[in-house]
Novice: 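Dropping a structure here in structure tokens format, bear with me for questions.
Since this is a predicted model, take the numbers as computed values, not measurements. Residue numbers begin at 1 in each chain, while the letters A, B, ... track the order of the sequences.
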2 protein chains.
Amino acid sequence: MPYDPSAFPPFAVTVDLVVLTVRRHALCALAVRRGEPPFQGRWALPGGFVRADEDLSQAAARELAEETGLRAHDPAVPVQDNGAHLEQLATYGDPKRDPRMRVVSVAHLALAPDLPAPRAGGDASNARWAPVEELLQQGGYGRDGEPVAPLAFDHAQILADGVERARSKIEYSSLATAFCPTEFTVGELRRVYEAVWGVALDPRNFHRKVTGTPGFLVPTGGTTTRQGGRPAQLFRAGGATLLNPPMLRPEV
Amino acid sequence: MPYDPSAFPPFAVTVDLVVLTVRRHALCALAVRRGEPPFQGRWALPGGFVRADEDLSQAAARELAEETGLRAHDPAVPVQDNGAHLEQLATYGDPKRDPRMRVVSVAHLALAPDLPAPRAGGDASNARWAPVEELLQQGGYGRDGEPVAPLAFDHAQILADGVERARSKIEYSSLATAFCPTEFTVGELRRVYEAVWGVALDPRNFHRKVTGTPGFLVPTGGTTTRQGGRPAQLFRAGGATLLNPPMLRPEV
DNA sequence: GTGTTTATCGTCAAGCAGACGACTATGATC
DNA sequence: GATCATAGTCGTCTGCTTGACGATAAACAC
């Protein structure tokens, strides 16, 4: 099969972002309102076209910065400051997923600590953090009683895949610390697990597990009472990125 | 940002396949020899352009069938007959990964039982099963003393990612059975784990683990002596696709 | 002070994994 | 046919991890 430029059809390639954070004990995702057809006025995942000279991860990092101001982190470096974790999720290329043309979307997953309200081109009403269950329920009613339209395109599927990736990955990695600020307490980390998994964990067993895993948490020496109650030790994420044996998600 | 068709550059989209199998106690991958530039004469992963009306998974299944004659399996259905397991691996889109043009490749991972020698357009010399360490070593010498050229494009990276995916996924899923024929013995399944992980496992503990996990293996009633020694029970893969608690890979 | 909240340490029993002994049922070899 | 080599299968024991849960500690609110 010789090289024949007419032998392949042209595609548009985009990146879509599943940006997750934990707000008020709930796992939330960033959604933006579409300003033009198709799906005008509907909520969608942030994303955009990959530029001609851009790598996929560069495009994802650029979109993330444009939407949230977050800098993406080199995955090889442990999570520090307020950089977000960013990784490729999966690629979606159904021929009919975009009615305009053939679009292949390389979805990425970003995990970020709780952030100020998002901006989308400076317009706050066109971007928001929404609980993932609210975004994923099809045709129900949101917390404010307003009817909820499903996400545009196949973004509900992409979001569901991203949430599932996050849920399973915090089992065996230190990724949950990406949802926390630089310094955090064991209790704050536990509340992240509880929000992402939607379960309640035993504070004593959780404390034993995370403090007993070498290299997972590094004490900073400080303490805080920002959660109330007895002062809690502050930690930073340690160098260990793999949790072995994994944190066990309680069976449903 | 209004819809502007000139706002995005056209891409070529391909699928590349990491097809793994276990032959003679070694994890092997399917490689094809390139017939045209660039990288003419070098080994590469099989793959090809996605057609205009084709989904990504369809394109991957088509390429797999063209190269091996294998039918891909619906992932929702437990592995049966000689269908191969096929799943999306990751997408590679470095602007310079193909010197001819901008190509985004959606790599897929296929796991197959040991197969007869492959064919590439009917020409056996242009397709082969090669041990993955042989394909991944850069500029060394193969088992026959012949110098080994690295794989074309970024295929060494893709292969390495696919191998790592397979290695980690058999820990917590029943995916290792995809390397086995329909009916297999506990020892044969153990040799799959040993080949994929490159370690030796205790036959007694392995037997206890896999036969003690409900729904993982279903006895067919038959026995075989094809491995020599005492006759062994034959099993089929059970409905359980998740292995909990996981099979522990011995630490390096 | 009393109560509430959160953090942290300890105890105990059940389950699982790793190490390894013992026995079984074939084919191969003498 | 006896012996050996090979592979499969069943048990035992020990140590580690988990899940359930009691107890104590250190802050704040009243």
Side-chain angles (χ1 to χ4, degrees), chain A residues 24-25 170-172 180 183-195 197 199-236 240 242-252, chain B residues 24-25 170-172 180 183-195 197 199-236 240 242-252:
Chain A
R24 283 183 264 115
H25 285 208
I170 64 174
E171 285 187 55
Y172 57 89
C180 295
E183 298 199 348
F184 54 89
T185 70
V186 173
E188 288 163 352
L189 184 61
R190 175 170 49 82
R191 280 180 276 277
V192 165
Y193 275 91
E194 291 178 334
W197 284 344
V199 297
L201 299 175
D202 186 290
R204 298 157 290 189
N205 292 337
F206 183 87
H207 189 278
R208 177 181 60 189
K209 174 72 177 173
V210 296
T211 59
T213 301
F216 186 37
L217 296 182
V218 178
T220 67
T223 62
T224 182
T225 61
R226 63 185 172 218
Q227 299 288 343
R230 169 176 167 180
Q233 267 188 279
L234 284 168
F235 294 88
R236 276 185 297 103
L242 250 46
L243 209 46
N244 204 332
M247 179 99 53
L248 294 181
R249 176 162 25 164
E251 93 297 334
V252 218
Chain B
R24 283 183 262 116
H25 285 208
I170 65 173
E171 285 187 53
Y172 56 89
C180 294
E183 299 199 346
F184 53 90
T185 70
V186 173
E188 288 163 352
L189 183 61
R190 175 170 49 82
R191 279 181 277 277
V192 164
Y193 275 91
E194 291 178 335
W197 284 345
V199 298
L201 299 175
D202 185 292
R204 298 157 291 189
N205 292 338
F206 183 87
H207 190 278
R208 177 181 60 190
K209 174 74 176 171
V210 297
T211 59
T213 300
F216 187 35
L217 296 183
V218 178
T220 67
T223 62
T224 182
T225 62
R226 62 185 173 219
Q227 300 286 344
R230 168 176 166 178
Q233 267 188 279
L234 283 168
F235 294 88
R236 276 185 296 105
L242 248 49
L243 210 47
N244 203 336
M247 178 97 55
L248 295 180
R249 177 163 22 167
E251 95 296 332
V252 222

Novice: So does A/Leu201 get a backbone contact from the side chain of A/Glu194, meaning a donor-acceptor N/O pair under 3.5 Å?
Specialist: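 The answer is yes, because a donor-acceptor pair under 3.5 Å joins these two groups.
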
Novice: Applying side-chain contact (heavy atoms from CB on, under 4.5 Å), run through B/Phe216 and B/Lys209 and close with a yes or a no.
Specialist: CA-CA 10 Å; B/Phe216 187 35; B/Lys209 174 74 176 171; over 6 Å; no

Novice: Where does the chain A footprint on DNA chain C start and end, counting 5' to 3' with a 4.0 Å heavy-atom cut-off?
Specialist: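 Nucleotide range with atoms under 4.0 Å of chain A: C/dT5 to C/dT11.
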
Novice: Separation of A/Met247 atom CE from D/dG19 atom C1', in whole Å?
Specialist: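 Taking CE of A/Met247 and C1' of D/dG19, I get 14 Å after rounding.
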
Novice: I need the residues from residues 185-195 of chain A with at least one non-hydrogen atom less than 4.0 Å from DNA chain C; give them sorted by number, or say none.
Specialist: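 DNA chain C contact set from residues 185-195 of chain A: A/Thr185, A/Gly187, A/Arg190, A/Arg191.
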
Novice: Please state how far atom NZ in A/Lys209 lies from atom P in D/dA20, giving the value in whole angstrom units.
Specialist: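 That distance rounds to 15 Å.
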
Novice: Between C1' on D/dT17 and CZ on A/Arg208, what's the gap in Å once rounded to a whole number?
Specialist: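 So the two atoms are 7 Å apart, to the nearest Å.
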
Novice: Could you write nucleotides 23-30 of chain D as a row of B, S and -, 5' to 3', where a protein heavy atom under 4.0 Å of any base atom gives B, of only sugar-phosphate atoms gives S, and otherwise -?
Specialist: --BBS---

Novice: Test side-chain contact (heavy atoms from CB on, under 4.5 Å) on A/Leu234 and A/Thr185; report intermediate values, then the result.
Specialist: CA-CA 5 Å; A/Leu234 284 168; A/Thr185 70; 3.9 Å; yes

Novice: Would you name the heavy atoms of B/Glu183 and B/Arg236 that are closest together and state the gap between them?
Specialist: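 That would be CG-CG, 4.2 Å.
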
Novice: Working to the nearest 0.5 angstrom, can you tell me the gap between A/Leu243 CG and A/Thr213 OG1?
Specialist: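 So the gap between those two atoms works out to 5.0 Å.
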
Novice: Give, for atom OH of B/Tyr172 and atom CG of B/Asn244, the distance between the pair rounded to the nearest 0.5 Å.
Specialist: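 Reported value, rounded in 0.5 Å steps: 12.0 Å.
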
Novice: A/Arg204 versus A/His207: any side-chain heavy-atom pair under 4.5 Å?
Specialist: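 No. Closest side-chain heavy atoms not under 4.5 Å.
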
Novice: A/Asn205 CG to D/dC16 P: how many Å, rounded?
Specialist: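 In whole Å, D/dC16 P lies 18 Å from A/Asn205 CG.
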
Novice: Give, for atom CG of A/Asp202 and atom CZ of A/Arg208, the distance between the pair rounded to the nearest 0.5 Å.
Specialist: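 The CZ atom of A/Arg208 is 8.5 Å from CG of A/Asp202, to the nearest 0.5 Å.
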
